[in-house]
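Small disclaimer: the values here were computed from a predicted structure and weren't measured. Counting convention: from 1, in listed order, for ligands and their atoms alike.
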Amino acid sequence: MKKILITGGAGFIGNHVVRRFVNKYPDYEIYNLDSLTYAGNLENLTDIDKKPNYHFIKGDIADQEFIMNLFQEYQFDGVIHLAAESHVDRSIKDPMTFVHTNVLGTVHLLNAARTIWNGNWEGKKYYQISTDEVYGALGDTGSFKETTPYNPHSPYSAAKASADHFVRAYHDTYGMPTVVSNCSNNYGPYQFPEKLIPLFINNIKNNKPLPVYGKGINVRDWLYVEDHAEAIDLIFHEAKPGETYNIGGNNEWRNIDLIKKLIEIMDRKLGRPEGTSLQLITYVTDRAGHDLRYAIDPTKIKNELGWEPKVKFAEGFEKTVDWYLANEEWFNHVTSGAYVEYYKKMYEGR
Ligand code: NAD
Ligand code: DAU
């Protein structure tokens, strides 16, 4: 019997990780801790929330007393830490929320784990889910390795980098069994429609402009979210303390090419003549500090843990579009209310 704390399990990647662990490991007790910000949604978990090994706890990881009490009460054996403020554009408008959750929240979790485990590291693991954005931006060639120095540019990536440094410091200073993974852009079901792919699916569906930042030439390396969840499972169970793994899709796309591909798929699925939605493409003011290119070198995780992405992009992208089109109610729920205000604030006058 193992008690695993998964933070941020009501968010995009978190719900896939929680689902995988609850279904695959019936002998583990899975505790999903989430404060349910705009990005957290319990509707994402309705298929598993009645399972006997699943437990939801509502709370803020940056609430020191609450976190310490929680660890004291449940005596977790492992932590998989995904909870974060995750959207770069929001971090540009409001950096402090990112410091609160991504930095302070992470350090409170580390302190609580260190206190409860009290040097008895046997069978314990603290796993920090991080991003490739901490490495900064690449030019036209090259890729991020685990040894690439951190060089974050946005308040989001700076906060994630800071948190990663704390995690490694707790390993090096106290001997805590920590691991870190840095992943590229995820896509798939249940992603909040502030991020490129679900936002553009929603806009194409509703014939709204598609706001392409700058010239649309920035490059991202896309990975299907369930492949990321599989890598997390493997790293949690197999990685040695102190290790870092980069996770990527071997799947680089310039934004504008990805958007044109999405338009092709959407027009076909919506029964519109080919190319109809191309007219929705609208070039807008670039994101401040916009990183030109990210690409992951996944050699280490492939050679050491035997992990490779399973889902081919053509298949995963179609599946993703199908999911959003089939789950109109989910879309309507998350885009009502505060979303309208968010959209105005981010895109009006851009
Ligand atoms: P998300 O924004 O969809 O979900 C974040 C979750 O954290 C939400 O459920 C939210 O309610 C919760 N949360 C936020 N603040 C909290 C707080 N103070 N206390 C408790 N819960 C809180 O994010 P995501 O895209 O699923 O990303 C999850 C993790 O993976 C993040 O750490 C992110 O940095 C990392 N990551 C994301 C990607 C990606 O492409 N989305 C890629 C690499 C790494
Ligand atoms: O690389 C991993 C990161 O990927 C994660 O750490 C982040 O949490 C996640 O949000 C994602 O960050 P990006 O900034 O790359 O994702 P986003 O979907 O916001 O943007 C993808 C690209 O599309 C980026 O170059 C900016 C561009 N873009 C985005 C939006 C929302 C647009 O051109 N227009 C838009 O409206």
Side-chain angles (χ1 to χ4, degrees), residues 6-18 32-42 44-45 57-63 66-67 80-92 97-98 100-102 104-106 108-109 128-135 137 144 154 156-157 159-160 163-164 181-188 190-200 203 209-223 225 228 232 247-249 253-256 258-259 281-287 290-296 343 346-347 350:
I6 300 181
T7 70
F12 165 48
I13 301 173
N15 82 77
H16 292 277
V17 175
V18 166
N32 170 16
L33 168 64
D34 199 299
S35 63
L36 302 181
T37 67
Y38 75 93
N41 184 358
L42 290 179
N44 298 352
L45 289 159
I57 302 163
K58 186 171 188 296
D60 181 353
I61 56 165
D63 180 339
F66 164 76
I67 289 297
I80 304 178
H81 175 34
L82 295 110
E85 287 293 334
S86 68
H87 191 37
V88 174
D89 294 333
R90 287 185 190 254
S91 81
I92 294 167
T97 312
F98 287 69
H100 174 88
T101 290
N102 300 4
L104 267 184
T106 301
H108 287 322
L109 289 169
Q128 161 85 352
I129 306 301
S130 192
T131 168
D132 59 0
E133 300 203 10
V134 296
Y135 295 122
F144 299 132
S154 72
Y156 161 67
S157 53
K160 289 294 291 187
D164 296 2
S181 61
N182 299 79
C183 189
S184 63
N185 286 62
N186 287 214
Y187 72 97
Y190 300 109
Q191 188 170 31
F192 191 79
E194 62 186 353
K195 307 285 166 61
L196 181 74
I197 290 177
L199 181 109
F200 278 35
N203 285 14
L210 304 175
V212 180
Y213 296 166
K215 297 193 174 103
I217 54 169
N218 303 69
V219 174
R220 297 291 182 265
D221 173 359
W222 294 93
L223 175 71
V225 63
H228 189 190
I232 289 172
I247 308 169
W253 284 79
R254 288 193 324 163
N255 289 342
I256 193 64
L258 183 89
I259 291 160
I281 291 177
T282 310
Y283 291 93
V284 300
T285 309
D286 207 352
R287 172 184 279 174
H290 198 174
D291 288 334
L292 177 67
R293 178 171 161 262
Y294 304 141
I296 288 280
Y343 204 87
M346 284 296 174
Y347 292 101
R350 192 167 187 140

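When non-hydrogen atoms are compared, ligand 2 lies under 4.0 Å from the side chain of Asn255 (C-beta onward) but not from its backbone. Contact annotation for Leu199 and ligand 2: only side-chain heavy atoms (C-beta onward) come within less than 4.0 Å of the ligand. By the criterion of a heavy-atom distance under 4.0 Å, both the backbone and the side chain of Lys195 are placed next to ligand 2.
Counting atoms of ligand 2 from 1 in the listed order, those under 4.0 Å from a heavy atom of His87 are 19 (O). Listed by number with element, the atoms of ligand 2 under 4.0 Å from a non-hydrogen atom of His290 are 24 (C), 25 (O), 26 (C). For ligand 2, the atoms lying closer than 4.0 Å to a non-hydrogen atom of Asp132 are 1 (O), 2 (C). Atoms of ligand 2 found under 4.0 Å from any heavy atom of Val212, numbered from 1 in the order shown, are 33 (O). Short contacts between ligand 2 and Tyr156, defined as distances under 4.0 Å to a heavy atom of the residue, involve ligand atoms 5 (C), 6 (O), 7 (C), 8 (O). Applying the 4.0 Å criterion to heavy atoms of Thr131 picks out, from ligand 2, the atoms 1 (O), 2 (C), 3 (C), 5 (C), 6 (O). Within the listing of ligand 2, atoms 14 (O) sit less than 4.0 angstrom from a heavy atom of Val88.
At a 4.0 Å cut-off, not a single heavy atom of Lys160 sits close enough to ligand 2 to count as contact. Using a 4.0 Å heavy-atom cutoff, Glu194 is listed among the residues neighbouring ligand 2.
Here the heavy atom of the protein found nearest to atom 8 (O) of ligand 2 is Ser86 O, 2.7 Å. In terms of protein heavy-atom proximity, atom 13 (P) of ligand 2 is nearest to Glu133 OE2, 3.4 Å. Of all protein heavy atoms, the one lying nearest to atom 35 (C) of ligand 2 is Tyr213 CZ, 3.3 Å. Ranking the protein heavy atoms by distance from atom 36 (O) of ligand 2 puts Tyr347 OH, 2.7 Å first.
Side-chain contact between Phe12 and Pro198 is absent, with no heavy-atom pair separated by less than 4.5 Å. Residues Trp253 and Arg220 fail the side-chain proximity criterion, which asks for heavy atoms closer than 4.5 Å.
For the pairing with Ser86, the side-chain hydrogen bond (donor to acceptor under 3.5 Å, both in side chains) check across Lys195, Lys160, Gln191 returns one residue only, Lys195.
A salt bridge links Asp89 with Arg287: the closest approach of a Lys/Arg side-chain nitrogen to an acidic carboxylate oxygen falls below 4.0 angstrom.
A donor-acceptor pair is defined here as one N or O able to donate and one able to accept, closer than 3.5 Å; such a pair exists between the side chain of Asn218 and the backbone of Asp291. Between the Asn255 side chain and the Ile217 main chain, no donor and acceptor come within less than 3.5 Å of each other. No donor-acceptor distance shorter than 3.5 angstrom exists from the side chain of Asn203 to the backbone of Leu210, with no hydrogens or angles considered.
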Which N or O atoms of ligand 1 sit under 3.5 Å from a protein N or O, and how far apart is each pair?
residue  : atom   : partner : partner atom : Å
ligand 1 : 2 (O)  : Ser86   : OG           : 2.6
ligand 1 : 3 (O)  : Phe12   : N            : 3.0
ligand 1 : 9 (O)  : Gly11   : N            : 2.9
ligand 1 : 9 (O)  : Asp34   : OD1          : 3.3
ligand 1 : 9 (O)  : Asp34   : OD2          : 2.6
ligand 1 : 11 (O) : Asp34   : OD1          : 2.6
ligand 1 : 11 (O) : Thr37   : N            : 3.0
ligand 1 : 11 (O) : Thr37   : OG1          : 3.1
ligand 1 : 18 (N) : Asp60   : OD1          : 2.8
ligand 1 : 18 (N) : Thr101  : OG1          : 3.0
ligand 1 : 19 (N) : Ser35   : OG           : 3.4
ligand 1 : 19 (N) : Ile61   : N            : 3.0
ligand 1 : 21 (N) : Ser35   : N            : 3.1
ligand 1 : 21 (N) : Ser35   : OG           : 3.3
ligand 1 : 23 (O) : Ser86   : OG           : 3.2
ligand 1 : 26 (O) : Phe12   : N            : 3.3
ligand 1 : 26 (O) : Ile13   : N            : 2.8
ligand 1 : 32 (O) : Leu82   : O            : 2.9
ligand 1 : 32 (O) : Lys160  : NZ           : 2.7
ligand 1 : 34 (O) : Tyr156  : OH           : 2.7
ligand 1 : 34 (O) : Lys160  : NZ           : 3.1
ligand 1 : 40 (O) : Asn186  : N            : 2.9

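Taking each heavy atom of Ala10 and Leu42 in turn, the nearest pair found is CB-CD2, 4.2 Å. Taking every heavy atom of both residues into account, Tyr283 and Lys215 meet most closely at CE2-O, 3.6 Å. Heavy atoms only, all atoms of each residue included: Gly188 and Val225 are closest at CA-CG1, 4.1 Å. Of all heavy-atom pairs between Pro193 and Leu199, the closest is O-CD1, 3.0 Å. Taking each heavy atom of Leu196 and Ile259 in turn, the nearest pair found is CD1-CD1, 4.4 Å. The shortest non-hydrogen separation linking Val134 to Ser157 is CG1-O, 3.8 Å.
A cation-pi arrangement is present between Arg350 and Tyr213 under the rule of less than 6.0 angstrom and at most 45 degrees off the ring axis.
On a distance-only criterion, Trp222 and ligand 2 share no N/O pair closer than 3.5 Å. For the pair Cys183 and ligand 2, the shortest N or O to N or O distance does not fall below 3.5 Å. The shortest N/O to N/O separation between Asn185 and ligand 2 falls below 3.5 Å.
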